[in-house]
Visitor: 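I am attaching a structure below and will ask some questions about it afterwards.
Bear in mind that the values here come from a model prediction, so they are computed numbers and not experimental data.
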Amino acid sequence: MDEMRSDLDYAAIAAVLKSELGLLGSPVAIKLVGSEKQIPAGMEEVAEQMKHCQMVSLARKEGKSFYATKEKHQCMGGAWALGLRERTPSLKSGEFYFALGKYESWAACRRTIEHVPHLPSGETYATLYSPLESTPFSPHVVLIVAEPKSMLKMAQSILYRLGGRFHAEMSGIQSVCSDATATVYMSGKPNISLGCDGSRKFSGIADGEMVMGLPGELLAEIAHSLPIVVGAVGSKK
């Protein structure tokens with residue numbers, strides 16, 4: 001049984017997101033489950049080991065619905081951020097990112113890693129993925145990959161009712177797993193990430209695209225406000 005109390009028309013919401021944002025692929029529904037019994041009946045596990053960002057791309061570009069246990073998560077950093085595995089010693093010490101040449105010192109790496117939002121290790125049994133329009137589960141997070149102009153419209157839609165400011169949080173690493181999934185899952189707030197070298201290399205995120213994670217609970221509000229914002233007199237046509 002799904003623990004979400006809302007009964008949304010995900011196909012209709014996906015259609016709004018696709019048409020108003022001009023998406024090249026599908027919005028991706030993601031759910032983090034704590035036990036095997038929470039996986040929808042008939043849903044199959046992904047066949048090969050791959051990274052979380054690659055799994056997102058599989059749902060986004062190829063329309064695949066599937067789940068992945070920790071054994072199918074190839075990226076240790078992503079598996080740790082999503083609560084599937086313990087953090088590896090090299091990731092914890094800073095050695096891993098220091099070896100990639102992105103920081104001047106192990107200390108700088110460690111400071112960054114210590115601030116990467118992540119779920120408690122071992123809390124997640126499996127991650128579920130599906131195109132939003134055909135999702136068999138109520139998503140915790142919906143990922144959108146789009147150009148900056150589309151992200152602008154999403155940010156404006158999020159602020160449409162209450163106003164205020166949109167605060168993005170990122171560090172240039174673990175963009176799809178932590179920035180757009182774990183951060184959003186735990187905070188209940190949308191987040192925009194610039195993407196990272198790994199996700200751009202392995203999952204086909206284009207140079208002109210960004211990544212947004214949206215809490216599943218905000219889908220209905222976004223579907224309502226997005227067409228209004230896009231069609232507003234003050235919006236660039």
Side-chain angles (χ1 to χ4, degrees), residues 1-14 17-18 23 25-75 77-85 117-145 174-191 193 199 203 211-223:
M1 184 177 71
D2 201 312
E3 74 275 12
M4 294 285 285
R5 292 192 175 91
S6 58
D7 185 17
L8 301 179
D9 186 342
Y10 293 115
I13 294 173
L17 292 173
K18 285 183 174 183
L23 300 182
S26 294
V28 178
I30 296 176
K31 189 168 186 173
L32 310 175
V33 300
S35 66
E36 185 177 7
K37 66 182 180 181
Q38 292 177 283
I39 299 173
M43 197 172 196
E44 296 184 358
E45 186 167 18
V46 66
E48 302 175 7
Q49 266 200 343
M50 60 181 68
K51 306 173 191 298
H52 170 70
C53 54
Q54 290 176 304
M55 297 182 196
V56 168
S57 182
L58 201 60
R60 175 194 170 211
K61 294 184 174 181
E62 298 185 30
K64 302 286 183 64
S65 296
F66 56 92
Y67 71 92
T69 57
K70 66 180 181 181
E71 289 78 16
K72 292 300 174 69
H73 276 262
Q74 190 178 56
C75 175
W80 163 66
L82 297 170
L84 290 149
R85 293 182 181 273
H118 61 281
L119 275 73
S121 299
E123 182 176 281
T124 305
Y125 171 77
T127 49
L128 279 55
Y129 306 84
S130 177
L132 182 62
E133 60 267 24
S134 57
T135 180
F137 55 84
S138 295
H140 289 138
V141 177
V142 173
L143 262 62
I144 296 169
V145 178
Q174 300 193 228
S175 65
V176 180
C177 56
S178 178
D179 292 350
T181 305
T183 299
V184 176
Y185 175 86
M186 293 187 296
S187 70
K189 298 177 181 179
N191 193 33
S193 176
S199 61
S203 66
V211 186
M212 170 180 274
L214 186 70
E217 294 89 340
L218 278 184
L219 285 175
E221 183 168 335
I222 295 301

Visitor: How about Val176 and Lys51: do any of their side-chain heavy atoms sit closer than 4.5 Å?
Guide: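 Counting from C-beta outward, Val176 and Lys51 never come under 4.5 Å.
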Visitor: Say you draw a straight line from NZ of Lys37 to OH of Tyr125; how long is it, rounded to the nearest 0.5 Å?
Guide: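 Here the rounded value is 12.5 Å.
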Visitor: Is any side-chain heavy atom of Pro131 closer than 4.5 Å to a side-chain heavy atom of Ser65?
Guide: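 Touching, per the 4.5 Å side-chain cut-off.
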Visitor: What verdict does the side chain to side chain contact (heavy atoms under 4.5 Å, CB included) test give for Thr181 and Ile30, after you've listed the backbone C-alpha separation in whole Å, the side-chain angles of each residue and the deciding distance to 0.1 Å?
Guide: CA-CA 8 Å; Thr181 305; Ile30 296 176; 4.0 Å; yes
Visitor: Would you give the length of the straight line joining atom CZ of Arg60 to atom CG of Leu143, rounded to the nearest 0.5 angstrom?
Guide: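 So the gap between those two atoms works out to 10.0 Å.
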Visitor: Identify the heavy atoms of Pro27 and Glu133 that sit nearest to each other, and give their distance.
Guide: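 Distance-wise, the nearest heavy atoms are CD-OE1, 4.2 Å.
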Visitor: Between the side chain of His140 and the main-chain N/O of Tyr185, is any donor-acceptor distance below 3.5 Å?
Guide: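 Answer holds: no.
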Visitor: Kindly give the heavy-atom pair with the smallest separation between Ala29 and Val142, and that separation in Å.
Guide: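 Between these two residues, the closest heavy atoms are CA-CG2, 4.4 Å.
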Visitor: Going by side-chain hydrogen bond (donor to acceptor under 3.5 Å, both in side chains), Tyr10 matches just one of Ser130, Ser138, Ser134. Which one?
Guide: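 With Tyr10 as partner, side-chain hydrogen bond (donor to acceptor under 3.5 Å, both in side chains) holds for just one option, Ser138.
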Visitor: Would you say Ser121's side chain and Arg85's backbone share a donor-acceptor pair under 3.5 angstrom?
Guide: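 Yes, the answer is positive, given that a donor and an acceptor are paired below the 3.5 Å cut-off.
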Visitor: Measure across Ala81 and Cys177 and return the closest heavy-atom pair with its distance rounded to 0.1 Å.
Guide: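 Minimum heavy-atom separation between Ala81 and Cys177: CB-SG, 4.2 Å.
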Visitor: Any donor and acceptor pair, going by atom type alone, linking the side chain of Gln49 with main-chain N or O of Glu71 inside 3.5 Å?
Guide: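 Present.
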Visitor: Would you say NZ of Lys18 has more than 12 non-hydrogen atoms from neighbouring residues, nucleotides or ligands within 6.0 angstrom?
Guide: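 Yes, because the 6.0 Å sphere around NZ of Lys18 holds more than 12 heavy atoms from other groups.
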Visitor: Minimum heavy-atom separation for Val211 to Ala180, with atom names?
Guide: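 In this case the closest contact between Val211 and Ala180 is CG1-CB, 3.7 Å.
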Visitor: So, do Leu17 and Ile222 sit near enough that their side-chain heavy atoms are less than 4.5 Å apart?
Guide: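 When only atoms from C-beta onward are counted, Ile222 and Leu17 do touch, with a gap below 4.5 Å.
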Visitor: Counting only N and O atoms by type, is there a donor-acceptor contact under 3.5 Å from the side chain of Asn191 to the main-chain atoms of Gly213?
Guide: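 No, Asn191 side chain to Gly213 backbone: no donor-acceptor pair under 3.5 Å.
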Visitor: Taking the side chain from Thr124 and the backbone from Leu82, do they hold a donor-acceptor pair closer than 3.5 Å?
Guide: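 Side chain of Thr124 to backbone of Leu82: a pair is present.
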Visitor: For Pro117, is there any backbone N or O sitting under 3.5 Å from a side-chain donor or acceptor partner on Ser178?
Guide: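 Checked: pair present.
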Visitor: Does any pair with a residue in residues 134-144 pass salt bridge (Lys or Arg N to Asp or Glu O under 4.0 Å), and if so which ones, sequence neighbours excluded?
Guide: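 As it turns out, there is no salt bridge (Lys or Arg N to Asp or Glu O under 4.0 Å) pair with a partner in residues 134-144 once direct neighbours are skipped.
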Visitor: So how far is it from Met50 CE to Cys75 SG, rounded to the nearest 0.5 Å?
Guide: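 Answer for the CE-SG pair, Met50 versus Cys75, is 13.0 Å.
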Visitor: Is there a side-chain contact between Pro190 and Pro215 (heavy atoms, below 4.5 Å)?
Guide: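 Yes; the side chains approach each other to less than 4.5 Å.
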Visitor: Do Ser57 and Glu62 come within less than 4.5 Å of each other through their side chains, counting heavy atoms only?
Guide: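 Contact flag for Ser57/Glu62 side chains = no.
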Visitor: State, yes or no, whether a side-chain contact exists between Trp80 and Gln174 at a heavy-atom distance under 4.5 Å.
Guide: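 The answer is yes, as the side chains (C-beta and beyond) meet within the 4.5 Å cut-off.
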Visitor: Would Phe66 and Met55 satisfy side chain to side chain contact (heavy atoms under 4.5 Å, CB included), going step by step from the backbone distance to the final call?
Guide: CA-CA 9 Å; Phe66 56 92; Met55 297 182 196; 3.7 Å; yes
Visitor: Would you call the rings of Tyr129 and His52 parallel, tilted or perpendicular, where under 30° means parallel and over 60° means perpendicular?
Guide: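 Tyr129 and His52: tilted rings.
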Visitor: Roughly how far apart are Met43 CE and Gln38 CD, rounded to 0.5 Å?
Guide: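 The distance works out to 13.0 Å.
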Visitor: Take Lys31 and Thr135 through the side chain to side chain contact (heavy atoms under 4.5 Å, CB included) test and state the conclusion after the steps.
Guide: CA-CA 10 Å; Lys31 189 168 186 173; Thr135 180; over 6 Å; no
Visitor: Indicate yes or no: at least one non-hydrogen side-chain atom of Leu32 is less than 4.5 angstrom from one of Leu119.
Guide: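 When only atoms from C-beta onward are counted, Leu119 and Leu32 do touch, with a gap below 4.5 Å.
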Visitor: Donor-acceptor pair, distance only, cut-off 3.5 Å: does the side chain of Glu217 make one with the backbone of Gly188?
Guide: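 Here the side-chain-to-backbone pair does not exist.
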Visitor: Hey, are the side chains of Thr183 and Ser193 touching, using non-hydrogen atoms and a 4.5 Å cut-off?
Guide: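 No. Closest side-chain heavy atoms not under 4.5 Å.
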Visitor: As an exercise, state the distance from CG of Leu132 to CD1 of Ile144, rounded to the nearest 0.5 Å.
Guide: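 Leu132 atom CG to Ile144 atom CD1 measures 8.5 Å (nearest 0.5 Å).
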